[in-house]
Amino acid sequence: MSEKRNIRDHKRRLLAAKYELRRKLYKALCKDPDLPSDMRDKHRYKLSKLPRNSSFARVRNRCISTGRPRSVYEFFRISRIVFRGLASRGPLMGIKKSSW
């Protein structure tokens with residue numbers, strides 16, 4: 001199940017990267033007060049016709065091993081639970097679980 005979620009998130013990332021410039025252009029033209037309102041409405045309509053998954057707001061950082069969406073360390077791309085297990089076993093270079 002986690003693999004399916006990660007694949008879906010990867011597709012969203014690719015789609016967001018593909019439509020990023022177009023989306024930014026339409027947003028800038030919608031907010032420009034110097035343009036006439038009918039032209040701003042036309043660009044707002046074009047913005048609404050872009051795929052929903054092409055928005056960066058729908059991209060979610062997920063753990064690459066479990067697919068967990070919360071408490072993911074962005075640098076390692078793993079969740080805190082997996083990180084703790086790897087840190088205690090030792091396969092992460094330069095990281096060790098502290099104990100005092």
Side-chain angles (χ1 to χ4, degrees):
M1 191 65 171
S2 68
E3 188 68 28
K4 185 178 176 183
R5 289 185 190 131
N6 284 344
I7 289 171
R8 189 182 323 143
D9 189 60
H10 182 69
K11 286 181 182 178
R12 284 181 180 161
R13 285 178 190 275
L14 292 177
L15 209 58
K18 180 181 175 183
Y19 286 100
E20 178 182 14
L21 288 175
R22 200 176 305 175
R23 184 174 284 278
K24 282 185 178 180
L25 176 71
Y26 290 155
K27 277 191 173 186
L29 291 173
C30 287
K31 292 179 181 179
D32 189 10
D34 296 333
L35 291 176
S37 63
D38 59 332
M39 189 175 285
R40 283 186 292 180
D41 290 340
K42 184 175 77 171
H43 290 297
R44 195 171 294 119
Y45 177 75
K46 286 182 180 179
L47 181 65
S48 70
K49 287 300 170 186
L50 291 178
R52 283 191 178 166
N53 284 336
S54 67
S55 173
F56 273 109
R58 287 181 159 242
V59 173
R60 182 76 188 204
N61 288 332
R62 289 189 172 272
C63 176
I64 55 173
S65 60
T66 60
R68 183 180 166 87
R70 295 181 180 204
S71 69
V72 175
Y73 294 119
E74 197 170 341
F75 184 76
F76 296 102
R77 293 184 58 204
I78 53 177
S79 67
R80 63 178 173 82
I81 298 163
V82 176
F83 182 82
R84 186 169 187 264
L86 291 175
S88 62
R89 276 181 268 141
L92 291 177
M93 297 293 289
I95 306 288
K96 72 174 186 178
K97 186 177 178 297
S98 65
S99 59
W100 60 89

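Cluster membership for Leu92 and Val82, using ILVMFWY side-chain heavy atoms within less than 4.5 angstrom, is shared. Hydrophobic clustering keeps Met39 apart from Tyr26 (ILVMFWY residues linked when any side-chain heavy atoms are closer than 4.5 Å, directly or through intermediates). Cluster membership check: Met93 does not share its hydrophobic cluster with Phe76, using side-chain heavy-atom separations under 4.5 Å among Ile, Leu, Val, Met, Phe, Trp and Tyr.
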Practice task
With side chain to side chain contact (heavy atoms under 4.5 Å, CB included) as the test, would you mind laying out the steps for Lys49 and Tyr45 before giving the verdict?
Solution key: CA-CA 6 Å; Lys49 287 300 170 186; Tyr45 177 75; 3.2 Å; yes
Practice task
Please test Arg23 against Ser55 for side chain to side chain contact (heavy atoms under 4.5 Å, CB included), starting from the C-alpha separation and ending with a verdict.
Solution key: CA-CA 8 Å; Arg23 184 174 284 278; Ser55 173; 4.1 Å; yes
Exercise for the section: Go through the steps to decide whether Leu29 and Arg40 satisfy the test side chain to side chain contact (heavy atoms under 4.5 Å, CB included), and finish with yes or no. Expected result: CA-CA 6 Å; Leu29 291 173; Arg40 283 186 292 180; over 6 Å; no
Handout entry: side chain to side chain contact (heavy atoms under 4.5 Å, CB included) assessment of Val72 paired with Arg62
Key = CA-CA 6 Å; Val72 175; Arg62 289 189 172 272; 5.6 Å; no
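Put simply, CZ on Arg70 and CZ on Arg80 are 11.0 Å apart, with the number rounded to the nearest 0.5 Å. Here Thr66 contributes atom OG1 and Ile81 contributes atom CD1; the two are 7.0 Å apart, rounded to the nearest 0.5 Å. Residue Glu3 holds its CD atom at 4.5 Å from CD1 of Ile7, rounded to the nearest 0.5 Å. The CG atom of Leu50 sits 8.0 Å away from the OG atom of Ser48 when rounded to the nearest 0.5 Å.
Not a single side chain to side chain contact (heavy atoms under 4.5 Å, CB included) links Pro33 to another residue, sequence neighbours left out. Considering only residues two or more places apart in sequence or on other chains, Arg44 meets the side chain to side chain donor-acceptor pair (under 3.5 Å) condition with Asp41.
A 6.0 Å sphere centred on CZ of Phe56 holds more than 12 heavy atoms belonging to other residues, nucleotides or ligands. Within 6.0 Å of atom CZ in Arg77, 12 or fewer heavy atoms from other residues, nucleotides or ligands are found, so the atom counts as exposed in its surroundings.
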Which atom pairs, donor and acceptor, lie under 3.5 Å between side-chain atoms of residues 10-17 and protein residues at least two apart or in another chain?
from  : atom 1 : to    : atom 2 : distance (Å)
Arg12 : NE     : Asn53 : OD1    : 3.2
Arg13 : NE     : Asp9  : OD2    : 3.2
Arg13 : NH2    : Arg60 : O      : 3.4
Arg13 : NH2    : Asn61 : OD1    : 2.8

